[in-house]
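One structure, as structure tokens, below. Some questions next.
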Amino acid sequence: MKQKLASVIEKALSEIKNQGIIDENVTPKITIERTRDSQHGDFASNIAMILAKPAKMNPRQLAEKIVNALPNDPAISNIEIAGPGFINFFINPNAQYQIISQIHDLGHEFGKSDIGAGKKIQVEFVSANPTGPLHVGHGRGAAYGSVVSDLLEAVGFDVHREYYVNDAGRQMDILATSIWLRYLEECGEIIPFPSNGYRGDYIRDIAREIHQHSENDYRKPAELVMENLPADEPQGGDKEAHIDALINRAKELLDSSQYEDIFSLGLKQILDDIKEDLAEFGVTFQEWFSERQLMTNGSVQDALQRLDKAGYLYQKEGATWFASSQLGDEKDRVVVRDNGQTTYFASDIAYHMNKLDRGFDQIIDIWGADHHGYIPRVKAALQALGANPEKLKVLLVQFAILYRGKEKIPMSTRAGEFVTLRQLRNEVGKDAARFFYAMRRSEQHLDFDLKLATSKTNENPVYYVQYAHARVCSVFRQLDEKGWSRDIKQGMDNLDKLSQPHETELVATLSRYPEIVEKSALKYEPHQLILYLRELANEFHTYYNAHQFLVEDSALRNARLNLIDAAKQVIANGLDLLNINAPESM
RNA sequence: GCGCUUGUAGCUCAGCUGGAUAGAGCAUCGGCCUUCUAAGCCGAGGGUCGCAGGUUCGAAUCCUGCCAAGCGUGCCA
């Protein structure tokens, strides 16, 4: 409808240009907006106000000229000029009703479009280090990323969802060493656990499993393990130096295949757990991309060579630096440390180079907001590699703060105290968790109230939307019980009987759905869709309370049934995009 | 210090590529179940859009300065 009105105005403008009222070369962008107030019609354009200056005319006078030049269109029932020069369009109700049969015909497809034109777009999200189970902070990125992906797919992009697995580097060595130490405990060795090790119960579980399968194969005496180690922090030493020494000790005492066994078993167990957790949360990926692979297949070295060739690398204080400050970063960054190890950033450069080489038209990274300082250096790297940094879009997700009622739940990073995503799902359920996570703009801090999410009362917004869907289903069950059957054809032929204000408003809201999906997708804002669904549910509930659907007059009854069936379809489609269940009854 | 993000009703937040009287949920108060699920509906009160300037027909929205909060500012990942 918007496009139709825009083309109608376009014609009027060229007519006015012919009359010499405005200059031939003026080509304004025609915007059509939905009105907030129904007194202002259904759609409005501010074109006359924009053109008032170049035309050297009062906007209301110009609006009049434009309106006079507008061609007749059967869909438009009235046009008014209002306020400072808005042109308000009133749409013929019969034209509006067509949306009901359109929704019926398209079903699940209603709301989808092809504006993405099959462009390849990669969305990387979650990408939590595989050193432990996901916690509630990761949950928001997971929910947000998966809905953004689904939205983009719905509007016609070719979406590739990807999880970057940081399976290389020091954190993983700390993990492997932590598992080994717990394993030694299982064997009966007495060793003080390092303060910087991973202390969660899952580490013990993995260690126990290794012990059950391989007995004492990896056992070394405690004295050998502890011999000449620098002191840990509680003993007045440096915890970093202590854990690094322990890692080296593990690599010395175990032969390399043994160390690798423990390392990869720990990685696999934790990654499998993360995969299962996410799958149960309704989040799936096309690819789990390994950082280690980038290091072993030479991609990192390739990337560094390319940067070097482009003249962006230099040596200083024994390390290799990337001159990112030449490309908008606040300072230069180390890519190879003085001990010869490449940094995490070096892997990331190689990873992003790899993304571009795979031919994506657009790459989207979803990061926790605490990584925002990282954006300029990654963009700098892309530019140095000769790519357009605009191809990378980084979306930041703020932390979620858990509450139980008024009480804030501590989220200390100290081992064992965090709430895992799995615990959250068990407590509030997948639907409520996804809904709450996606409910707010991503860059807004999120207060997640567990009590509210689990409450089965009017306070809970998830049920509000689901209830509207269930209510429609219930009406159709009642229809059966009364021994009536639905006549879709008769209903469609009698849509003009839907003349109540509640009905015309509901129809107008339904017709907005495709625009909402498009806007939510292109702006990466799932909360827009949620807001819309709440509004739609509200209008349905209001309608439900104000009017009886199962009336004696079969023409009216079938028309109303077609309307609420359309509402049900749109709610189901919207919830489906959010990967939230649309129940038949509650 | 510098950078990013945020500041809108008692609380939690929409609205921000400038548009007409700034919206919603919760909370508070008052109504609606002999008729399709009351997990619902209707109504009322509640605002210096952080503060001060500027841009213009028009500013919560854009610009500048200031104030406040969070995060970042490693040869960690």
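Worth knowing before you read on, the calculation uses all heavy atoms, side chains too, and leaves out hydrogens, waters and symmetry mates. Chain letters run A, B, ... following the sequence lines, proteins first, then strands; residues in each count from 1.
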**Message:** Please determine whether a side-chain nitrogen or oxygen atom of A/Arg471 lies at a distance below 4.0 Å from atom OP1 or OP2 of B/A38.
**Reply:** yes
**Asked** How do A/Arg337 and A/Thr35 order along RNA chain B: which one's closest nucleotide is nearer the 5' end?
**Response** A/Thr35
**Message:** As a test of reading the structure: which of B/C36, B/C75, B/G15 is closest to the side chain of A/Gln528, going by heavy atoms?
**Reply:**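 The answer is B/G15, which lies nearest to the side chain.
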**Prompt:** For A/Phe435 and B/A39, what is the distance between atoms CZ and P respectively, to the nearest whole Å?
**Reply:**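 Atom CZ in A/Phe435 sits about 18 Å away from atom P in B/A39.
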**Prompt:** Quick one: which of B/U35, B/G40, B/G15 gets closest to the side chain of A/Gln548?
**Reply:**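 The nucleotide sitting nearest to the side chain is B/U35.
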**Request:** Measure the spacing between CZ of A/Arg512 and NZ of A/Lys519 and express it to the nearest 0.5 Å.
**Result:** 8.5 Å
**Message:** Give me syn or anti for B/C41, where syn covers glycosidic angles within 90 degrees of 0.
**Reply:**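 You should classify B/C41 as anti.
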**Prompt:** Between A/Gln444 and B/U12, is there a side-chain N or O to OP1/OP2 distance below 4.0 Å?
**Reply:** no
**Prompt:** If the sugar-phosphate is the primed atoms plus P, OP1 and OP2 and the base is the rest, what is the B/S/- string for nucleotides 54-59 of chain B, using protein heavy atoms under 4.0 Å?
**Reply:** ---S--
**Item:** Bracket notation of RNA chain B in which parentheses pair within the strand, [ ] cross earlier pairs, and | pairs with another strand (Watson-Crick or G-U, under 3.5 Å)
**Value:** (((((((..((((.....[...)))).(((((.......))))).....(((((..]....))))))))))))....
**Message:** With rounding to the closest Å, how many angstrom separate the P atoms on B/C63 and B/G3?
**Reply:** 15 Å
**Prompt:** Which part of the nucleic acid, if any, lies within reach of A/Phe476 when heavy atoms closer than 4.0 Å are counted: base, sugar-phosphate only, or nothing?
**Reply:**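 Since no nucleic acid heavy atom lies under 4.0 Å of A/Phe476, the category is nothing.
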**Item:** Nearest to side-chain heavy atoms of A/His527, which nucleotide of B/C36, B/G15, B/U6
**Value:**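 Selected nucleotide: B/G15.
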**Complete:** Testing B/G15, B/G40, B/A20 for proximity to the side chain of A/His541, the answer is B/G40
**B/U5 phosphate, OP1 or OP2, under 4.0 Å from A/Arg441 side-chain N/O** =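 Answer no for this pair, as no side-chain N or O of A/Arg441 is under 4.0 Å from OP1 or OP2.
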**Request:** Would you mind classifying the nucleic acid contact of A/Leu531 as base, sugar-phosphate or nothing, using non-hydrogen atoms under 4.0 angstrom?
**Result:** sugar-phosphate
**Message:** A/Thr542: which residues meet the side-chain contact (heavy atoms from CB on, under 4.5 Å) condition with it, sequence neighbours left out?
**Reply:**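 Counting only residues at least two positions away or on another chain, A/Thr542 forms a side-chain contact (heavy atoms from CB on, under 4.5 Å) with A/His502, A/Asn538.
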**Asked** How many angstroms lie between atom CD1 of A/Ile243 and atom CG of A/Asn248, to the nearest 0.5 angstrom?
**Response** 11.0 Å
**Asked** For A/His541, which residues count as a ring-ring contact (aromatic ring centres under 6.0 Å, His included) partner, sequence neighbours excluded?
**Response**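 Partners of A/His541 by the ring-ring contact (aromatic ring centres under 6.0 Å, His included) criterion, ordered by chain and then number, come out as A/Tyr464, A/Tyr467.
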**Asked** Is there a side-chain polar atom (N or O) of A/Thr542 under 4.0 Å from OP1 or OP2 of B/C42?
**Response** yes
**Single hit among A/Phe345, A/Phe289, A/Tyr344 for ring-ring contact (aromatic ring centres under 6.0 Å, His included) with A/Tyr351** = A/Phe289
**Message:** For A/Tyr532 and A/Tyr513, I'd like to know if the aromatic rings sit close, meaning centre-to-centre distance below 6.0 Å.
**Reply:**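 Centroid separation for A/Tyr532 and A/Tyr513: below 6.0 Å.
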**Asked** Between A/Asn545 and B/A38, does any side-chain N or O lie under 4.0 Å from OP1 or OP2?
**Response**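 Result: no.
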**Asked** Is A/Asp348 side chain donor-acceptor paired with the B/A77 base, going by distance under 3.5 Å alone?
**Response**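 No such pair is found, so the answer is no.
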**Message:** Determine whether the aromatic ring of A/Phe86 stacks with the base of B/A20, defined as ring centroids separated by less than 5.5 Å and ring planes inclined by less than 30°.
**Reply:** yes
**Prompt:** Which of these nucleotides, B/C75, B/C13, B/A77, is closest to any side-chain atom of A/Arg440?
**Reply:**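 Out of B/C75, B/C13, B/A77, the nucleotide with an atom closest to A/Arg440's side chain is B/C13.
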**Complete:** B/S/- along nucleotides 67-73 of chain B (protein heavy atoms under 4.0 Å) is ---SBSS
Taking only distance into account, with no hydrogens and no angle test, what donor-acceptor pairs under 3.5 Å do side-chain atoms of residues 364-372 of chain A form with protein atoms, sequence neighbours excluded?
residue, atom, partner, partner atom, Å
A/Asp365, OD1, A/Lys355, NZ, 2.7
A/Asp365, OD2, A/His352, NE2, 2.6

**Request:** Look at the side-chain N and O atoms of A/Tyr351 and state whether any lies under 4.0 Å from the OP1 or OP2 oxygen of B/A77.
**Result:** no
**Request:** For nucleotides B/G74 and B/A60, find the distance between their C1' atoms and express it as a whole number of Å.
**Result:**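 Nearest-Å result for B/G74 against B/A60 at atom C1': 40 Å.
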**Prompt:** Does OP1 or OP2 of B/A14 have a side-chain N or O of A/Arg534 closer than 4.0 Å?
**Reply:**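 No.
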**Prompt:** So, is the end of the A/Arg333 side chain (NZ or CZ) under 6.0 Å from the ring centre of A/Trp321 and within 45° of the ring's axis?
**Reply:** no
**Complete:** A/Asn46 atom CG is separated from B/U61 atom P, nearest whole Å, by 18 Å
**Asked** What nucleotide among B/C13, B/C75, B/C41 has an atom nearest to a side-chain atom of A/Trp321?
**Response**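 Out of B/C13, B/C75, B/C41, the nucleotide with an atom closest to A/Trp321's side chain is B/C75.
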